[in-house]
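Here's the structure we're looking at; comments come further down.
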Amino acid sequence: MTGTPLLEIQDLHTSFRTDGGTVRSVRGVSLTVAKGETVALVGESGCGKSVTAHSVLKLIPMPPGEITAGRILWQGRDLVPLPPREMNRIRAREIAIIFQEPMTALNPVYSVGEQIAEVVRLQMRLGRRAAMDRAVEMLDLVGIPDARRRVGDFPHQFSGGMRQRVMIAMALSCEPQLLIADEPTTALDVTIQAQILDLLEEMKERLGMAILLITHDMGVVAEAAQRAVVMYAGRVIEEGAVDRLFTEPAHPYTRGLIRSIPRLDGGLGRHGRLQTIPGSIPSQYADPAGCHFAPRCPLAQADCLAAQPAMSGPDPDHLYACFHSPLEAPAP
Amino acid sequence: MSVGPAAEPAAPTTWQRFRQHRMALVGTVVLGLLLTVVLLGPLIWSVPIDTIDFRARLALPSAAHPLGTDDLGQDLLARLLYGGRVSLAVGLCAMLVAVVIGTLIGAIAGMSRGPLDAFLMWVTDLFLALPTLPLLLLIIYLFRDALTGLVGPEVGVFVLIIAVVGGLRWMPVARLVRAQFLTIREREFVEAARALGASRLRQVVQHILPNALGPVIVVGTISVAEAIIAESTLSFLGLGFPPDTPTWGRILFDAKDFLSIAPHWALFPGLAIFLTVLSINFIGDGLRDALDPRKVR
């Protein structure tokens, strides 16, 4: 970990009250993002990674959603009790977010320039002309060719990848210190994915911001992040530097995730089939006493069902929540 | 910068898109003409609207009376010009009242979840279910004297009619706006706006409302026609303007008993209403398309 933490989430709990009961989407997540680093938040669908990210900006619908416990320290200041007005001043100006669906995240009735300019005018109190100039500058920065002329075009006149660039331009127009990228490449072609990841990397360098990258794609993690936090069923189960995580994953779930990446170099099993993690994620209503992964875990023993393992590890830069991590035993 | 012959043209502005809508353009010209005529006409054609001349009863159009006369020998052109002011003003104002109330209630219902939404929709259903005519009678009997005493008979009746006609036509607009809001507020660009620090009011005004406007405009244009007709119904029942105030609807109703002997009497006010309604509908169509940037013609 380098530098002082920009964002520090401590033991965050976020729940949704539904007719069927309370869904505890996030059950005690702690993570930090330091200045200028890219942290990947990894996990499969429904593990609570998006809810965690949306909780930071308090974008979860309240009600039915609620942050029931924990603190979200932004440069030392807790965002959880902050009133909406104060929160609006942090959004875009200090923390910005981009979403998965570039096709629908832009308002169809305004030109892209007007939309970027709106954010700039709202947050930076610039005049109409200055805001428009800023919009052109941003579009140029994110690699929209001929930005001066395209600034008056409407979202439907752009392709998906270009729209994601526009979204990035909009999110970065006020030079935030942290960008939360919620599956920014999931809806895009593989070639465009790489371009968008490159763009994010370039923007990060240029603006000196940090990125919290939400993804389920281990390939994206390997390419873009320095550190990764793996979530399972609303909890963090492993975190550490990305190269460590890939070479010596400690938690059986992380191992499963990495093994389930298709590989070209014959890493497949004997029958030539991709390895999967048996079973499926537990119900979000369930509240077992022990490790949530235990029912699917090949290494589970009796103690796994009795208590929840805490995050630990011999090295403070690589922590995991498992009683029987294969790291401590000879590798299978 | 490479600007070759293949460079695509910049996106058309709202006005350019509106201009491409030929019928909307025709509608605008016709409505503009009608407005000019009823506003300036009485200054040029200065025949009084209430000069009774029994020698010229039910006269066909002639040089002295270009549109003929009614059963009292009153000049129809003068009455039509004067009545046009009232009818157009009532139609447009009542439409505005209906659209504003409907949009407000629909927007509040669509944005609030739970009890408030349920209550507002319950009120809307209640208004839809109410028998309009007895309610009209009641309101007009209750408030006409108070209002006319306050601001004079002409203005008093005008305000009352607009309030009543507009106030009983907001329900379809409210339901439409609510339905639009329910879908649009879940669209991702609204969340994106929220994520970038837009307040709730800004989300509604800047992002949701413009996307909900298309169908509202169409309903609004239809309600102009309904309001003009509704005013004539009121006049017919003796609840609208005083009988000696000509409005298009009023003239039409007076003429109905003489259709076989003096068809011109009904023809001209009917034509005026028809032209107004049609041109407003075309303008509505054009506006809806012009406000939607995805429309490429």
Side-chain angles (χ1 to χ4, degrees), chain A residues 53-54 56-61 63-64 84-116 118-120 122-124 145-157 167 170-171 173-174 176 180 182, chain B residues 1-4 6-17 111-117 180 182-217 287-296:
Chain A
H54 286 228
V56 172
L57 276 169
K58 297 214 281 188
L59 289 175
I60 50 172
R85 188 178 286 271
E86 301 258 313
M87 205 58 224
N88 274 342
R89 251 179 292 179
I90 287 181
R91 290 171 180 161
R93 221 183 297 184
E94 297 180 28
I95 308 175
I97 187 167
I98 54 174
F99 299 108
Q100 182 175 344
E101 263 309 327
M103 304 311 269
T104 53
L106 291 165
N107 192 332
V109 305
Y110 298 107
S111 71
V112 296
E114 284 170 325
Q115 295 188 54
I116 300 172
E118 189 208 341
V119 178
V120 177
L122 182 69
Q123 296 289 1
M124 291 166 49
D146 208 359
R148 171 71 55 188
R149 211 161 45 92
R150 298 223 65 185
V151 73
D153 283 357
F154 289 90
H156 69 272
Q157 292 167 301
M167 279 307 298
M170 210 158 125
S173 59
C174 302
I180 299 175
D182 188 359
Chain B
M1 215 156 82
S2 66
V3 183
E8 60 179 290
T13 62
T14 305
W15 168 236
Q16 280 166 341
R17 281 193 301 270
M111 283 308 284
S112 65
R113 296 156 196 261
L116 184 57
D117 176 25
Q180 291 271 315
L182 286 183
T183 56
I184 295 170
R185 75 160 191 213
E186 302 298 336
R187 303 260 294 271
E188 248 183 65
F189 63 80
V190 178
E191 199 191 357
R194 196 154 73 94
L196 293 170
S199 63
R200 213 168 151 77
L201 186 68
R202 181 176 275 269
Q203 290 165 37
V204 170
V205 174
Q206 192 88 8
H207 293 278
I208 303 181
L209 204 54
N211 280 286
L213 229 46
V216 175
I217 288 173
L287 269 182
R288 185 198 50 198
D289 290 353
L291 289 175
D292 182 356
R294 283 158 300 191
K295 212 85 183 177
V296 185

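In what follows, chains carry the letters A, B, and so on, assigned in the order in which the sequence lines appear, proteins first and then strands, with residues in each chain numbered from 1.
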**Message:** When you compare the side chain of A/Pro108 with that of B/Asn211, does any pair of heavy atoms fall below 4.5 Å?
**Reply:** yes
**Prompt:** Where on A/Glu101 is there a heavy atom nearer than 4.5 Å to chain B: the side chain, the backbone, both, or neither?
**Reply:** both
**Asked** Donor-acceptor pair, A/Gln123 side chain versus A/Asn88 backbone, under 3.5 Å?
**Response** yes
**Main-chain N/O of A/Leu59 paired to B/Arg194 side chain as donor or acceptor, under 3.5 Å** = yes
**Test item: A/Pro176 and A/Glu94 side chains (from C-beta on) under 4.5 Å apart, heavy atoms** = no
**B/Glu186 side-chain N/O to B/Thr183 backbone N/O, donor-acceptor pair under 3.5 Å** = no
**Item:** Region of A/Leu106 in contact with chain B, defined by heavy-atom distances below 4.5 Å
**Value:** backbone
**Item:** Most chain B-contacting option - heavy-atom pairs closer than 4.5 Å, from A/Lys58, A/Gln115, A/His54
**Value:** A/His54
**Request:** Could you tell me which of A/Ala105, A/Ala92, A/Ser111 has the largest number of non-hydrogen atom pairs under 4.5 Å with chain B?
**Result:** A/Ala105
**Item:** For chain A, the option from B/Ile184, B/Val190, B/Leu196 that forms the most heavy-atom pairs under 4.5 Å
**Value:** B/Leu196
**Message:** Checking B/Arg202 against A/Glu118 for the salt bridge (Lys or Arg N to Asp or Glu O under 4.0 Å) test, could you report, in this order, the C-alpha distance in whole Å, the side-chain angles of both residues, the deciding distance, and whether it holds?
**Reply:** CA-CA 11 Å; B/Arg202 181 176 275 269; A/Glu118 189 208 341; 3.0 Å; yes
**Message:** Tell me which of these, A/Asn107, A/Leu57, A/Thr104, has more heavy-atom pairs under 4.5 Å with chain B than the rest.
**Reply:** A/Asn107
**Asked** A/Met87 versus chain B, heavy atoms under 4.5 Å apart: side chain, backbone, both or neither?
**Response** neither
